[in-house]
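Input: a single structure, listed below in structure tokens.
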Amino acid sequence: MTAKKKTKNLCDKKMKFQKYGKKIPEALEIVIEIQPLDFAMKSPFKRLNYLLGMVKKKKQSIFLEYIRNLGLKYESLVKEDFVSNREDHNINEFLTKFEILKDHPKLVKNYLNYFLQILHILDKDNWLKEKVKVINRNHIRSFLLPKYYNLLTLTETINRDEAISLYKLYVTQYIKDNAAPNRKIFDKLKDFKKYFEKDKEEITIGWYGFLSDVNDGKFCFRKDNCLWADILTDLPDVMLKYLVCCYGDFQAAVTRSNDNFILTMKHTIIEGDPYCDCIIHDTNIDWDLTHPPKEFWDNLNSIE
């Protein structure tokens with residue numbers, strides 16, 4: 001079968017699609033419990049330390065300038081000092097496993113203060129040791145905003161295009177090197193589809209759209225909302241938001257398989273499109289990565 005014929009079949013309106021997920025208007029206002037310091041160590045601090053390592057390796061001439069600029073950036077964003085007000089800890093105790101950050105406690109202090117500020121931590125909260133209740137919106141922002149400002153500061157330190165190229169390399173390599181030990185790996189797309197549906201029902205609740213059957217090594221899905229985009233409307237740089245929110249999806253698709261899943265995506269909500277158009281291609285079956293035109297995705301409302 002030729003690539004042209006396969007593409008035609010993929011775009012055929014008789015292809016079976018079904019709705020997935022459920023619209024939950026209050027999804028971002030749900031109250032959840034997290035342990036702030038534990039989450040900070042496992043994600044924001046871990047990612048920043050890795051990014052700094054990448055800058056040091058690939059662009060050592062601007063390494064110290066970038067660290068200085070990051071410190072100033074977060075200092076300008078902080079409105080309340082949560083860290084200094086605690087007398088029952090030494091910030092250096094939390095940094096022993098971070099090879100680079102442990103040498104820059106001032107940056108860490110500003111970074112942690114900003115992280116806690118986004119979470120809207122209260123004075124009575126014991127964020128050092130106990131779980132605290134936070135709004136889902138603030139929890140997601142505490143993960144995304146530091147990533148945005150890390151990238152923004154990099155573009156302010158070196159040429160923007162160079163900074164973006166370096167950040168892309170960092171995202172790809174970070175995902176490769178930090179896949180969770182219990183991360184599910186799928187040999188077949190039909191199994192990934194089952195996981196996708198279950199995830200939207202039980203974990204990433206509040207996301208919805210359309211998904212297809214698995215056909216000729218292709219699994220199509222259209223995301224009709226993006227909670228991440230909803231909470232980042234106050235950030236002006238669309239390209240940086242795309243890199244922070246969406247770019248990692250390409251490598252993440254690969255790491256969900258034995259290097260044979262490839263994601264194609266042409267439109268994203270974060271960039272102002274009405275949906276995200278996604279196809280996971282199983283290259284063990286077919287290396288044709290042709291992506292259907294916009295008309296195909298626009299007409300999914302009539303395919304149920």
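Using modelled atom types, one finds a donor on one side chain and an acceptor on the other under 3.5 Å when comparing His281 with Lys218. Between the side chains of Asn69 and Thr153, no donor-acceptor pair of N or O atoms lies under 3.5 Å. Asn225 and Lys23 form no side-chain donor-acceptor contact under 3.5 Å, judged by distance and modelled atom types alone.
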Solution key, residues 228-236 side-chain donor-acceptor pairs under 3.5 Å, sequence neighbours excluded:
| from | atom 1 | to | atom 2 | distance (Å) |
| --- | --- | --- | --- | --- |
| Asp234 | OD1 | Arg141 | NH1 | 3.2 |
| Asp234 | OD2 | Arg141 | NH2 | 3.2 |

Which pairs of donor and acceptor atoms, one on a side chain in residues 205-212, lie under 3.5 Å apart (sequence neighbours left out)?
| from | atom 1 | to | atom 2 | distance (Å) |
| --- | --- | --- | --- | --- |
| Ser212 | OG | Cys220 | N | 3.0 |
| Ser212 | OG | Cys220 | O | 3.4 |

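Comment: Glu162 engages Lys59 in a salt bridge, judged by a side-chain N to carboxylate O separation of less than 4.0 angstrom. Asp38 has a carboxylate O that lies under 4.0 Å from a charged side-chain N of Lys42, or vice versa, which qualifies the two as a salt bridge. The existence of a salt bridge linking Asp237 and Arg160 is confirmed by a sub-4.0 Å separation between a basic side-chain nitrogen and an acidic carboxylate oxygen. The pair Lys73-Glu156 meets the salt-bridge criterion, since a charged nitrogen lies less than 4.0 angstrom from a carboxylate oxygen. Taking the charged nitrogens against the carboxylate oxygens, Asp81 and Lys109 do have a contact shorter than 4.0 Å, which makes a salt bridge.
Between the side chain of Ser43 and the backbone N or O of Phe39, no donor-acceptor pair lies under 3.5 Å.
Using bins of under 30°, 30° to 60° and over 60° for the plane-to-plane angle, the ring pair Tyr74/Tyr114 lands in the tilted bin. The aromatic rings of Tyr275 and Trp297 sit tilted relative to each other, their planes meeting at an angle between 30° and 60°. Below 30°, between 30° and 60°, or above 60°: for Tyr170 and Tyr50 the angle between ring planes is between 30° and 60°, a tilted geometry. By the 30° and 60° cut-offs, the orientation of the rings of Phe192 relative to Phe219 is perpendicular.
The ring-ring contact (aromatic ring centres under 6.0 Å, His included) pairs that include a residue from residues 233-254 number zero, where partners must be two or more places apart or lie in different chains.
Clustering of Ile, Leu, Val, Met, Phe, Trp and Tyr side chains at separations under 4.5 Å places Trp287 together with Val254, Ile262, Leu289.
For the ring-ring contact (aromatic ring centres under 6.0 Å, His included) test, residues two or more places apart in sequence or in another chain that qualify with Phe45 are Tyr111. Residues forming a salt bridge (Lys or Arg N to Asp or Glu O under 4.0 Å) with Glu29 (at least two apart in sequence, or on another chain): Arg137.
When every heavy atom of Lys102 is checked against every heavy atom of Thr96, the shortest pair comes out as CD-O, 4.2 Å.
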